[in-house]
> 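Handing you this structure, nothing more for now.
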Protein chains: 2
Amino acid sequence: MLLAQGEERKSEIDVLGIVIADDQDRERTWLRELLTKHLSIHTSIFEAEDGQKALELVREHKPPVVFLDIEMPKLSGIKSAESILKELPQTGVIILSNHSDEIFVRKLWKLVPPDGAFGYVLKDSTDQQVIDATKAVLGGDCWIHPRIQRIIRRTENGATGLTDAEFEVLVCIAIGFTDKATARRLYITEKAVQARLKCLYTKLGIPIKGASEEDEYNHRCRALNLSFRRGLINRAELADWEEQVW
Amino acid sequence: MLLAQGEERKSEIDVLGIVIADDQDRERTWLRELLTKHLSIHTSIFEAEDGQKALELVREHKPPVVFLDIEMPKLSGIKSAESILKELPQTGVIILSNHSDEIFVRKLWKLVPPDGAFGYVLKDSTDQQVIDATKAVLGGDCWIHPRIQRIIRRTENGATGLTDAEFEVLVCIAIGFTDKATARRLYITEKAVQARLKCLYTKLGIPIKGASEEDEYNHRCRALNLSFRRGLINRAELADWEEQVW
DNA sequence: AACACGTTTAGGGTGAACCCCAGGTCACTT
DNA sequence: AAGTGACCTGGGGTTCACCCTAAACGTGTT
């Protein structure tokens, strides 16, 4: 889980191939040039501008490591990672994201096999950090950005980390469902939905009614606000959830 | 309002100075190099990594055009633009954003003087589009990305564009306030809040109760969902609204 | 075996959030 | 002067979303 600090041994990375997936030209160019500086000459870099193509390139070349941006057309980086890890579990996936949304951490955490190596780099990371992450993943270790590590700790804390059950109802109220509609969707009773919601509100730190000051907040909307700001909800996911038939 | 198509006259831009503000090194580098190619030799480019510094550079050099990223530390691009346009209204502001959020369009629309020139470029724009925008703004015209133009049309449409009153209550329910708390905050009655909300729901296209199928949606949360996806609400703004004392 | 924990389900109560209808002000247009 | 549109306010009603307490189940821990 820890990172290999930049050991000064000329830092040359010697692998067969690497796949880079990002929909923005400029990001790909930057990363390609950065990697080229540190790779041996006979390494090929393959580029994809969407998740679908990334998946195909990985199938074709079976690289030890693949860089995935999260926001991509056709197939998101997370979904690509899911397919990749299902077919080739030993692939080292390095997520390269703009945002530190908790939801991505949640998803990824379930995707990666216990002994798998993966990386999580934010786009404001330094060049050195990206190189460190690449080396770590190639060596079978994980490299996770400090900000992401903080989020992981939060999800693992019993008092603040949401269970799957709580997350399910959060998704439903984020779509805008009533309790009744949510119950129908999840095949549970309305009372169960409310019980889950109550836990959710507590974990998000919403003050219970009657406590201290006047009841200033609508719990349901307040939960959406806090979830939003924690990155448990975001625009892309909202659109995604509604499309699905479940 | 229209753009000057790339007239092939060697495209050299001759101005005294240009300010670029973006918190990401790579974006600044890209833009600087792009502009350098098209600028005359004796033009200086000044760079800022946050909104505060951008403001100071503009005050110092009074450039005819300034590029502003929206997401920046200390002072957002929008707020920088507000200060800049208040002090030096003839400055050509070009917003360079990752996102096409309706809220930014709303804000900017009120900031720019009627006869002012400004640009709105998205980060997936082509190099040519950025150059076109720069030329247009220098020439006193506006250049607005097609996707942004669509949004502007939506805000101007009476059936879908929100009034200031409706937007105010939207902000309040996004924070998570109850109707009562909202009424207190806006110095109106609870009934007035509900009247505004009713209009809001209609404009967002939420089906009224009793219509067609069963009542599937919680209007309040559904409104947040739709507003979120329209870009009327986003994470940065949520945090911002709550900090303010109003 | 005893315990904690997450989860489901229940009954019963309150207030918030929504519905419709109607009357009123104000600014701007015709 | 009449009309239009956006907004505030009121009364009166229904439903939804929350509160409390309590019982029961399975799982994994001690």
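Proteins come first, then strands; the chains are lettered A, B, ... in the order of their sequence lines, and each starts at number 1.
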> Residues two or more places apart in sequence or in another chain: which of them pass salt bridge (charged side-chain N to carboxylate O under 4.0 Å, His left out) with B:E82?
none

> Let me have a per-nucleotide readout for nucleotides 5-10 of chain D, 5' to 3', with B, S or -, counting only protein heavy atoms under 4.0 Å.
--SSBB

> Go through the structure and list residues passing side chain to side chain donor-acceptor pair (under 3.5 Å) with A:R147, not counting sequence neighbours.
A:D124

> Looking at residues at least two apart in the chain, or sitting in another chain, which of them share a salt bridge (charged side-chain N to carboxylate O under 4.0 Å, His left out) with A:E237?
A:K107

> Give the table of side-chain donor-acceptor pairs shorter than 3.5 Å for residues 62-69 of chain B, with sequence neighbours excluded, one pair per line with atom names and distance.
unit_1 : atom_1 : unit_2 : atom_2 : d
B:K62  : NZ     : B:R59  : O      : 3.1
B:D69  : OD1    : B:K123 : NZ     : 3.4

> Which letters describe nucleotides 23-30 of chain D, given B = protein heavy atom under 4.0 Å from base, S = only from sugar-phosphate, - = neither?
--------

> So which protein N/O to nucleotides 21-26 of chain C N/O distances come out below 3.5 Å?
none

> Note down the inter-axis angle between the two ends of the helix from C:dC3-D:dG28 to C:dA22-D:dT9, five pairs each, to the nearest 10°.
50°

> Taking salt bridge (charged side-chain N to carboxylate O under 4.0 Å, His left out) as the definition, give me every residue that meets it alongside A:R229, ordered by chain and number, with sequence neighbours left out.
B:E242

> Under the rule for side chain to side chain donor-acceptor pair (under 3.5 Å), what residues qualify as partners of A:R154, not counting sequence neighbours?
A:E102

> Among pairs that include at least one residue of residues 144-173 of chain B, which meet ring pair (Phe, Tyr, Trp, His ring centres under 6.0 Å), considering only residues two or more places apart or in two chains?
none

> List in chain and number order the residues that pass side chain to side chain donor-acceptor pair (under 3.5 Å) with B:D101, two or more places apart in sequence or in another chain; answer none if no residue qualifies.
A:R235, B:N234

